[in-house]
Amino acid sequence: MLAAVIKARERNSVLEDAKKARAADIIELRADYLSSFDFKLITEIKRNLKKPVLVTCRNKNEGGIFNGSEAERMVVLKTSIDNGADYVDIEFSSGNKNVDYIIKNKKDAKVIVSYHNFKETPKNIRRVYENIKKTNPDLIKIVSNANSVIDNFKIFDLIRVADNEKIKIIAFCMGSYGKFSRILSVILGSKATYASVGKGKETASGQPSLYELCSFYRIKKINGRTKIAGLIGNPVEHSWSNIIHNFGFDYLNLDAVYLKFRVDKLKEFIEYFKKLEILGFSVTIPHKIEVIKYLDSIDKKAKAIGAVNTIVCKNGKWIGYNTDRDGAIMALKEKMQLKSRKIVVIGAGGSARAITYGLKEEMADVWILNRTMEKAKTLANNFDCDYGSLSKLKEIDYDILINTTPVGMYPYPNRKIVPNNLIRKNTVVFDIVFNPYKTKLLQDAENKGCIVIPGFEMLMNGAALQFELWTGKKAPKQAMRKNVMENLKNAAY
Ligand code: ATR
């Protein structure tokens with residue numbers, strides 16, 4: 001069940017927002033936001049949209065703005081039931097007396113008894129569930145803040161318990177570490193997830209918009225059998241991989257979904273996800289090297305590179321691959337042959353390893369420059385390159401400059417790893433940062449007459465290869481590219 005949350009001060013704005021909620025299965029009306037609640041709104045929305053209405057009225061402790069007394073809040077919920085609300089949500093913190101009162105007076109409505117924790121996901125979350133269960137609600141809702149990816153696992157375990165006990169539960173985590181749980185929990189058995197009707201209209205941290213959930217995650221098509229894929233990284237918010245892959249799945253009618261996992265604890269994440277049925281993962285900053293030690297095996301090329309950006313999960317075995325090398329070399333070779341070119345690679349992390357490996361295969365003459373010299377030295381020695389600190393750049397008469405660091409990436413698009421005077425005229429400049437599409441480095445390089453290659457080219461090439469590894473099907477690359485470009489242009493979500 002996809003719930004669209006409407007928080008508006010005036011009745012006209014509520015009706016306007018309701019029109020934007022046609023994709024939802026149910027409309028949650030946040031009564032606490034209304035300056036005065038006209039209960040006729042409930043039937044009006046039901047009539048206009050032909051969808052059930054859920055009424056919620058949160059006080060400040062529960063993330064709302066209702067400033068009347070608790071008795072007045074109960075009147076709002078009870079009167080909503082009397083005026084045709086299909087569901088009401090009452091917080092467990094309202095106390096047993098109030099919860100019992102609403103349940104006794106629910107008539108044909110269904111009652112959700114909810115628990116929110118905006119700070120953390122407490123260890124005793126199971127006890128919270130057991131206590132709510134005693135009130136005998138139609139649905140239990142448990143939502144907590146994730147301060148680490150592992151907090152989500154407590155919630156997923158709870159969903160499993162409820163499922164075994166045939167108790168209807170809505171559960172997920174808030175915050176950037178919990179955002180993926182708003183989708184994954186539905187696959188695991190949560191009865192609903194919530195969305196805003198547009199950007200800026202969220203009622204909780206990490207709450208996606210209806211557009212995002214429907215277009216980028218195909219929320220209405222996913223179910224308990226949907227295969228899971230996703231990106232493992234930190235940060236991940238800037239990534240467009242979800243748009244690319246979910247469109248691809250949809251295009252080929254595959255029952256799979258691609259999520260973005262912000263992972264701070266890699267070992268624990270992998271241990272937990274090994275219990276689930278997974279199609280595969282993309283791996284990004286900062287996990288491309290560390291992830292290797294948790295895999296069952298690793299493909300020859302990825303082993304030689306020493307970094308993994310793709311995991312294929314088959315028959316319980318997780319196998320590491322690297323599509324960065326092919327993605328980058330394909331993008332570069334479209335502009336220039338690489339043999340004997342003098343190429344500067346800035347950065348010495350996982351991406352730099354993959355690209356350098358490819359450049360050496362093409363017999364280029366490579367310099368590695370990095371903030372931490374020791375890392376530049378290790379990488380250079382592995383692949384027989386020269387190396388130095390970033391200041392060495394002024395001495396090198398390069399043909400191609402490649403930035404493999406995250407400098408210039410969203411949300412800091414004005415940052416740049418190379419000062420203007422060191423961008424050499426009429427060279428080729430490739431930035432693996434793909435968001436923004438044209439980084440500051442590329443804009444400045446273009447102004448100097450350079451041929452520029454946006455990281456998006458490498459991303460698309462690599463993503464298509466990943467897609468093929470996971471699905472065994474040819475990736476609809478042109479359609480995927482067109483779709484992501486359109487979405488970026490509209491930024492409608
Ligand atoms: P990835 O797997 O995507 O390559 P990574 O392994 O974390 O990511 O590597 C990131 C690279 O960007 C590193 O070489 C890092 O430099 P250090 O080795 O000195 O850490 C480089 N990098 C990250 N932030 C940087 C910054 N602000 N300035 C310069 N280099 C930076």
Side-chain angles (χ1 to χ4, degrees), residues 231-241 260-264 266 281-295 298 301-311 320-329 331 343-359 366-383 385-394 401-419 422-423 430-435 439-441 454-459 461-463 466:
L231 172 67
I232 300 174
N234 192 4
V236 291
E237 194 47 44
H238 65 283
S239 169
W240 299 333
S241 300
K260 296 198 286 190
F261 302 98
R262 183 177 177 204
V263 176
D264 54 337
L266 186 61
F281 292 105
S282 319
V283 185
T284 191
I285 285 180
H287 299 311
K288 285 181 183 174
I289 296 171
E290 198 201 338
V291 77
I292 291 175
K293 62 176 182 260
Y294 304 118
L295 301 177
I298 169 164
K301 210 189 301 172
K303 192 170 192 169
I305 292 168
V308 158
N309 82 323
T310 307
I311 302 172
Y321 293 85
N322 195 307
T323 66
D324 277 342
R325 174 227 168 263
D326 289 353
I329 299 299
I343 303 180
V344 170
V345 172
I346 298 182
S351 308
R353 291 192 77 82
I355 293 172
T356 304
Y357 174 87
L359 294 174
V366 183
W367 273 86
I368 312 289
L369 306 186
N370 193 43
R371 180 175 64 178
T372 311
M373 266 285 251
E374 221 21 60
K375 279 208 226 161
K377 184 176 170 187
T378 308
L379 174 53
N381 287 346
N382 278 178
F383 295 117
C385 307
D386 294 305
Y387 68 93
S389 63
L390 296 175
S391 62
K392 186 84 186 163
L393 185 60
K394 57 179 170 298
L401 176 72
I402 305 174
N403 173 43
T404 72
T405 78
V407 178
M409 182 168 92
Y410 172 89
Y412 305 109
N414 290 324
R415 295 192 183 161
K416 209 172 63 160
I417 191 88
V418 179
L422 297 185
I423 300 175
F430 171 28
D431 195 338
I432 73 160
V433 171
F434 57 84
N435 183 358
T439 59
K440 186 87 175 64
L441 172 66
F456 181 70
E457 302 305 322
M458 173 180 166
L459 176 76
N461 293 338
Q466 292 181 327

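Just follow the structure's listing: the first ligand is 1, and inside any ligand the first atom is 1.
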Flag for Arg353-Asn382: side-chain donor and acceptor within less than 3.5 Å: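 Distance-only check passes for Asn382 and Arg353.
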Looking only at side chains, do Ser351 and Lys288 share a donor and an acceptor under 3.5 Å apart?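 The answer is yes; a qualifying pair exists.
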Spell out, as yes or no, whether a donor-acceptor pair under 3.5 Å connects the side chain of Asn461 to the backbone of Gly327.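 A pair under 3.5 Å: yes.
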With a 3.5 Å distance limit and no angle check, can you tell me whether Gln466 reaches the backbone of Asn309 through a side-chain donor-acceptor pair?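 At least one qualifying donor-acceptor pair exists.
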Can Thr284 be said to touch ligand 1, with heavy atoms closer than 4.0 Å?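 Not so, Thr284 does not reach ligand 1.
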Compute the shortest N/O to N/O distance between [X] and ligand 1 and return yes if it is under 3.5 Å, no if not.
X      : result
Pro286 : no
Thr404 : no
Ala348 : yes
Arg371 : yes

If I compare all heavy atoms of Val236 with all of Leu231, which pair ends up nearest, and what's the gap?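 Looking at all heavy atoms of both residues, the closest pair is CG1-CD2, 3.8 Å.
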Strictly by salt bridge (Lys or Arg N to Asp or Glu O under 4.0 Å), give each pair with a member in residues 385-394 just once, sequence neighbours left out.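 Counting only pairs at least two positions apart or across chains, the salt bridge (Lys or Arg N to Asp or Glu O under 4.0 Å) contacts touching residues 385-394 are Lys392-Glu395.
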Relative to atom 30 (N) of ligand 1, which among Thr405, Val345, Asn309, Asp324 owns the nearest non-hydrogen atom?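 Considering heavy atoms of Thr405, Val345, Asn309, Asp324, the nearest to atom 30 (N) of ligand 1 sits in Thr405.
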Nearest non-hydrogen contact with atom 2 (O) of ligand 1 belongs to which option: Lys288, Glu374, His287?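 Shortest heavy-atom distance from atom 2 (O) of ligand 1: Lys288.
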Nearest-contact summary for [atom] - protein heavy atom, Å:
atom                    : value
atom 23 (C) of ligand 1 : Pro406 CD, 3.4 Å
atom 4 (O) of ligand 1  : Ser351 N, 2.8 Å
atom 29 (C) of ligand 1 : Ile417 CD1, 3.4 Å
atom 19 (O) of ligand 1 : Thr372 OG1, 2.5 Å
atom 16 (O) of ligand 1 : Asn370 OD1, 3.3 Å
atom 11 (C) of ligand 1 : Gly349 N, 4.1 Å
atom 3 (O) of ligand 1  : Ile285 CG1, 2.7 Å

Quick one: list whatever passes ring-ring contact (aromatic ring centres under 6.0 Å, His included) with Tyr294, sequence neighbours left out.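 Partners of Tyr294 by the ring-ring contact (aromatic ring centres under 6.0 Å, His included) criterion come out as none, since no residue qualifies.
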If the cut-off is 4.0 Å to any non-hydrogen atom of [X], which atoms of ligand 1 fall inside it?
X      : value
Gly350 : 1 (P), 2 (O), 4 (O), 6 (O)
Lys375 : 17 (P), 18 (O), 20 (O)
Val407 : 25 (C), 26 (C), 27 (N), 28 (N)
Gly347 : 14 (O)

About how many Å separate CD1 of Ile343 and CG of Leu401, when rounded to the nearest 0.5 Å?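 These two atoms lie 10.5 Å from each other.
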Just one of Asp431, Val407, Ile346 clears the side-chain contact (heavy atoms from CB on, under 4.5 Å) bar with Leu441, so which one?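 Of the listed options, the one satisfying the test is Asp431.
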Positive for side-chain contact (heavy atoms from CB on, under 4.5 Å) with Val433, one of Thr439, Leu459, Ile417: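 Of the listed options, the one satisfying the test is Thr439.
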Using ring centroids (six-membered ring only for Trp), state whether Tyr387 and Trp367 fall under 6.0 Å.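 No; Tyr387 has its ring centre 6.0 Å or more from that of Trp367.
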